[in-house]
Amino acid sequence: RIQILFEDMLDFISPSYLLFSLVLTIYVLFILVTWCHVIVARQRLSAIPRPPYPSFYYGHSIILKNAKLDNTFMDVIGDWFMTYGKTFLLFLRDKNIIFTVAPDVIKEVVTNTEHFSKFGALPNRALYGQRLVGWKSILSGGGPSWALKRRIMTRFFSKTNSEGIFDRCRPRIEKYVESVLKRRVGQGKVMDLMQELGTIFMAVPGYFGVHEVYDAEVIGRKVTKILDMIKEQIHNHGWRETLGKAVHPEKHHTVQMIIELRKHLHQMVQDRVLELEHVDVLDGDSDLLGLLIRANEACGWDEDELVSCIVDDIITIYLVMDNNVKQLAALFITLARYPEVYRKLVKELRALPALGFSSLMGLPYTEQVLLESLRIGPALLRGTRQLVGRSRQLGPYLIPSHTQVHFCQYLVHRDEEYWSDQAEFRPERWAAGFKPAPGSFLPFLMGPRGCLGKHFAMVSIKLVLANLLRNFDLRARFEKGREPVMEQGYAVMRIRNDVMFEFVPVED
């Protein structure tokens, strides 16, 4: 009877039913393992204060996703800092994330490159599967090769080379502003400030070794167009799908543009590599492209990877130029709200008989305005590091390996403990003798991964600012209901809506 019953059961159970049962069992086991992982991780971090979360598995993801959509991300995080302290814990699905605005904790995270890595194990930055900037670039890389490349490139980006950068940039920027832009503007015209700044800044790398046959401004426009498309794709589809999903290049215009840009730069680099074979001494103070080639050659890449890594570095420099565009655009948006600051700044700049390096760098109020702009609206809003190796003490808390630590410059710069009238744009706070508390002012970060191009950025931003305001009165003409808004929810500043200004030429 037992044998007959068993045979009847086998006849009843179909292969499809068995397959369904197996799949269901695996799925249930996966859910149980995931939940156990979440429970164990949260138990290990239970000593760290955290806001309550509405969902056990999703944690705070839903709250922060809605905050990004409402452009209240920093407001939500700021409220949590006020309630739970300068370092607190967030759970985003199965990830442990620590948020901090404590200067001592941030200093440990950004300077201790042995234990805290940048981006963890993220792959090459890609758009729909197409490589945009590789993992070995001067911005994203790590390890001995990255350190060697950075050490070689320091010669160009050092403070001592700032005057050389100024001298090469000044005549070209002056020519653009005084002839091209003035001719286009005529007697006053409303123009998109972001577009005009993009045209100026994207031409700057071409002053340092990009050959005339490869028009640097054309390359800059291509990069700007790609960035605009990426922003639109992320806005419409989310960053995970945009950066991770692979599509056929012929079916996606943005991917086609990236391929075209990389092919263009690939040919430029190959030509320059051949030229440098006959060059014994390189002018590292002015030949940026040549220095990039020498730095990557020192890393020992094979021939194909060498050219790709140099292309990565070139695109990285253009991406950083885009940050300068946003930083200066944000300053003009702020000046539109503070007319007295604008008038005082213009008066100081126009009082100069001529623009020289020493005279421009020595203008006290211009320096104060720029520093205050970097405080209240830095281009880099927040950053991330990941703990590698064993568990480690971070401030008063022991954190397990692979924990992500997010630090937020935007909120550090608005901490009332370090900044009086923190929400106000007050350049006078930077008057002679003022020094911010250590770790409370981080527009370029600090330590081994501090911004390599900070002196380059300050010189170029001041030069463009001075040339614009010495030649034009800029009057805000924002569309009602569509005023420019600086979005809070991303690591890098984004400006929503058109930044329209009327350019009114100044009479000689």
Side-chain angles (χ1 to χ4, degrees), residues 48-55 58-93 95-103 105-106 109 231 234-235 238-240 323 326-327 329-338 372-385 404-426 429 436-437 439-443 445 478 481-497 499:
I48 304 177
R50 62 168 175 80
Y53 48 84
S55 165
Y58 287 99
H60 304 94
S61 300
I62 298 173
I63 296 175
L64 294 182
K65 181 179 180 180
N66 292 334
K68 282 186 178 181
L69 293 174
D70 299 337
N71 199 32
T72 57
F73 183 89
M74 292 298 178
D75 299 328
V76 170
I77 295 293
D79 289 343
W80 284 343
F81 280 129
M82 296 292 290
T83 306
Y84 303 101
K86 293 185 183 296
T87 300
F88 64 83
L89 180 67
L90 290 181
F91 295 124
L92 305 184
R93 295 189 179 180
K95 294 180 181 178
N96 320 318
I97 292 181
I98 290 177
F99 252 96
T100 184
V101 292
V105 176
I106 295 176
V109 169
K231 293 170 190 174
I234 292 176
H235 178 74
W239 69 270
R240 289 182 183 276
N323 287 346
K326 289 180 283 193
Q327 188 69 64
L331 171 58
F332 276 109
I333 293 169
T334 304
L335 290 175
R337 294 171 37 226
Y338 291 86
E372 183 69 351
S373 174
L374 291 168
R375 181 194 73 84
I376 204 166
L380 300 177
L381 303 179
R382 54 191 174 92
T384 306
R385 298 291 187 270
Q404 291 184 10
V405 182
H406 290 220
F407 49 91
C408 189
Q409 299 96 299
Y410 179 89
L411 291 174
V412 174
H413 293 179
R414 292 168 178 258
D415 191 332
E416 293 180 348
E417 181 177 341
Y418 309 109
W419 307 97
S420 59
D421 300 326
Q422 49 83 18
E424 291 298 314
F425 187 78
R426 193 159 57 82
R429 75 172 79 242
S440 65
F441 184 59
L442 302 165
L445 288 184
F478 306 146
R482 287 182 50 82
E483 293 82 1
V485 176
M486 285 172 270
E487 296 188 338
Q488 303 178 355
Y490 302 93
V492 179
M493 179 202 298
R494 296 183 185 182
I495 299 178
R496 186 196 304 167
N497 300 330
V499 186

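Note that the structure is a prediction, hence the values are computed from the model and not measured.
Taking the side chain as every heavy atom from C-beta outward, Pro484 and Arg496 never approach each other to under 4.5 Å. Between Phe73 and Glu487, every side-chain heavy-atom pair lies at or beyond the 4.5 Å cut-off. The shortest distance between side-chain heavy atoms of Arg482 and Phe478 does not fall below 4.5 Å. Val76 is not listed as a side-chain neighbour of Asn66, based on a closest heavy-atom distance of 4.5 Å or more. Residues Ile376 and Gln422 form no side-chain contact, since every pair of their non-hydrogen atoms from C-beta on lies 4.5 Å or further apart. Using a 4.5 Å heavy-atom cutoff, the side chains of Leu90 and Pro51 are in contact. Contact check for Arg382 versus Leu411: no side-chain heavy atoms found under the 4.5 Å cut-off.
Put simply, the side chain of Arg385 never gets that close to the backbone of Gln404: no donor and acceptor are under 3.5 Å apart. Remark: side-chain polar atoms of Arg494 are not paired, donor with acceptor, to backbone N or O of Gly489 under 3.5 angstrom. A distance-only check finds no donor-acceptor pair linking the side chain of Asn323 to the backbone of Ala379 [under 3.5 Å]. Between the side chain of Gln327 and the main chain of Gly377, a donor-acceptor pair closer than 3.5 Å is present.
When all heavy atoms of Cys408 and Val101 are compared, the closest pair comes out as O-CG1, 3.9 Å. Minimum heavy-atom separation, Asn71 to Asp75: O-OD2, 4.4 Å. When all heavy atoms are compared, the tightest approach of Arg375 to His413 is NH1-O, 2.7 Å. Across every non-hydrogen atom of Ser440 and Ala437, the tightest pair is OG-O, 2.6 Å. For the pair Tyr490 and Leu381, the tightest heavy-atom approach, listed with the atom from each and the gap, is O-CD1, 3.5 Å. Minimum heavy-atom separation, Met74 to Gln488: N-OE1, 2.8 Å.
Note on ring orientation: taking the six-membered ring where Trp is involved, the planes of His406 and Phe99 are tilted (angle from 30° to 60°). The aromatic rings of Phe88 and Trp80 sit perpendicular, their planes meeting at an angle over 60°, well past the 30° parallel limit.
Here Lys86 pairs with Asp415 in a salt bridge; the nearest charged N to carboxylate O distance falls below 4.0 Å.
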Mind running salt bridge (Lys or Arg N to Asp or Glu O under 4.0 Å) on Glu372 and Arg426 for me, showing each step along the way? CA-CA 7 Å; Glu372 183 69 351; Arg426 193 159 57 82; over 6 Å; no
